[in-house]
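Written out below as structure tokens is the structure these notes cover.
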Amino acid sequence: MIQIKDFKGFEGQTIETQGWVMNKRSGKGIEFIILRDGSGFAQCIVSEENVSPATFDRAKRLSQETSVKLSGKIIKDDKQIGGYEMHVDDIEIIGESVDYPISNKEHGIEFLMDNRHLWLRSKRQWAILKIRNRIILSIHNFFQKEGFIQTDSPIFTGNAAEGSTTLFSSKYYDQDAYLAQTGQLYGEAMAMAMGKIYTFGPTFRAEKSKTRRHLSEFWMIEPEMAFFDNDMNMDLIENFIKHIVTDVLENCKEELEILERNLSVFKNIAKLRFPRLTYDEAVKIIKGEKTINGKKSTDILIEDLAEVKAQINNKKAELQEKEKEIAGGLKKGVKNFIQNKIDQLKNEISDLEIVEKNIPQWLSSAENFRYGNDFGGSDETVITRMFDVPVMVYNWPHEIKAFYMKRDKAMPEMAKGVDVLAPEGYGEIVGGGERETDLNLLLSKIEEHKLPLKEFEWYLDLRKYGSVPHSGFGLGLERTVAWICGTQHIRETIPFPRYYGRLHP
RNA sequence: UCCUCCUUAGCUCAGUUGGUUAGAGCGUCGGACUGUUAAUCCGCAGGUCCUAGGUUCAAGUCCUAGAGGAGGAGCCA
């Protein structure tokens, strides 16, 4: 049995393949089957003169998503996806498919999410999951090459680790339990045993967030390194992200093309140094007090707003024109084509109008930003808008960071944390930093955050027995996939997303 | 939890100041067409206008409440 991706090695030969009918077009005496098998897509042609009447009849009756075994000859044809097509001589139907709900037209998101188990079969979702797979492989390759050991942290925990986020509560036999929001504290223990480790697992947050950046269940990669300060940590993060992006660009060309990802944003990523801003500098950029390449962030937002408004006007003018056009007596095919264009324009306009509404809010939120606060989604967008590559922000006010974050000796009010913000509004993809080693500081922090000391006694042991400087970070897998794929929404980046309001399928 | 918007055919949507029997495209099904790229052309079928209540001679359209959805804020990866 030959997979579609391997057709190129069988030119001129008769082979067997199996897969699903993605789409079908027909002419008199000829059927064009678009077959998919998970490895790729190929057009398979059934010509009445080359097959038995029974086989041709089977071909005519094939419906969308019927599973089939085909045998036929592989022919080179540069016009086709993949460059090869099959001239079929026999068809065996494996499984019927009646009234498949997802058509080749545009669908709304609610419908697609309700049918997520089938939506996964479509080309775009296939491309995203292939890239997700490549990113996962790339992550393992990077850490394994760097001498990290993969070790995993528990999913059931007895405490809310950082105390800030809402967790999913559960039962562990007769005790209260929570689903882990991070494996970080366990990661630290394992780094003290293994040197350099990383965890790779699911994470749960019960925040009722309804945005295109949030999931309730997502996958996080959390490296933790003994004898690492935050500067070494930032160097590692930068190399790590560059490695992933470069690897995907090299190995997922077809998938990125299907997604129509604008690759110019990645062009120089391997060569450019990621900007490293202190929190203080970042705040000045947000408030428009510091310029980058002679521009203030607020100016850029105002320019963006003008640009969006101009685009809306252009699209509205185009829409009017098309509507006038379609009112005239045209052939049906031309009419359909224009109607599709009209639908597309309407969607684009409503998306742009949301941006138009958001920008003034972001602008005022940027101008009114109070030093000492954490960044919101809009502040992150403002900062990243100034650069083409991910931006690192470090040295944060310790009050807004977790209890275990290391205080800076030179600036005691600051903690040595680092956040990495992805460009184009994809937000924080990495959060991390150097961990506090001073036992007394940790004790006072635990008290300050009103955390149950009893739950952290084991963690404090790490500082009693051979404590060393150490650092680590967490990478959000889905946000990384969203950024690299350029998806509109994070929910497309995981096979079965769990977010506020979505538990099925 | 708060703010804004949305809910009409299997899907995507139109439906004017409230007015007769609620429309289109796509999809399904039937037919036509030898090479199509979301093929095209002809035809049939397809409706709890989200739910409940109210205003009115008359409600898809107006009012109230509820349910569901989308995007933001907060929170974060």
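Below, chain A is the first sequence line, B the second, and so on; all start at residue 1.
- Taking the six-membered ring for Trp and the full ring otherwise, the centers of A/Phe387 and A/Phe274 sit at least 6.0 Å from each other.
- The side chain of A/Glu380 sits closest to B/rC76 out of B/rC76, B/rG71, B/rG35.
- When both pairing distances are held under 3.5 Å, B/rU36 makes no Watson-Crick or G-U pair with any nucleotide shown.
- For B/rG71, the OP1/OP2 oxygens have a side-chain nitrogen or oxygen of A/His489 closer than 4.0 Å.
- Base pairing annotation: B/rU21 forms no Watson-Crick or G-U wobble pair, as no partner gives both donor-acceptor distances under 3.5 Å.
- For A/Asn373 and B/rG74, the shortest distance from a side-chain N or O to OP1 or OP2 is not below 4.0 Å.
- Remark: of the listed residues A/Arg212, A/Arg261, A/Arg213, A/Arg385, A/Arg261 is the sole one forming a salt bridge (Lys or Arg N to Asp or Glu O under 4.0 Å) with A/Glu424.
- Within a 6.0 Å sphere centred on CD of A/Glu11, heavy atoms belonging to other residues, nucleotides or ligands number more than 12.
- B/rC2 is paired with B/rG72 under the Watson-Crick or G-U wobble criterion, all donor-acceptor distances under 3.5 Å.
- The existence of a salt bridge linking A/Lys76 and A/Asp78 is confirmed by a sub-4.0 Å separation between a basic side-chain nitrogen and an acidic carboxylate oxygen.
- OP1 or OP2 of B/rC75 has not a single side-chain nitrogen or oxygen of A/Arg205 nearer than 4.0 Å.
- Residues A/Trp362 and A/Met113 both approach RNA chain B. Their nearest nucleotides, taken by heavy-atom distance, put A/Met113 toward the 5′ side.
- In this structure, B/rC41 and B/rG31 make a Watson-Crick or G-U wobble pair, each of the two defining distances being under 3.5 angstrom.
- Put simply, A/Phe32 does not rest on the base of B/rG35: the two rings are not both less than 5.5 Å apart at their centres and under 30° in tilt.
- When both pairing distances are held under 3.5 Å, B/rC26 makes a Watson-Crick or G-U pair with B/rG10.
- A 3.5 Å limit on both hydrogen-bonding distances identifies no Watson-Crick or G-U partner for B/rG47.
- At B/rA70, one or more side-chain N or O atoms of A/Tyr499 fall inside 4.0 Å of OP1 or OP2 (strictly under the cut-off).
- Taking every side-chain heavy atom of A/Arg491 into account, B/rG71 is the closest of B/rG69, B/rG71, B/rA77.
- Contact check, A/Arg25 against B/rU34: no side-chain N or O comes under 4.0 Å of OP1 or OP2.
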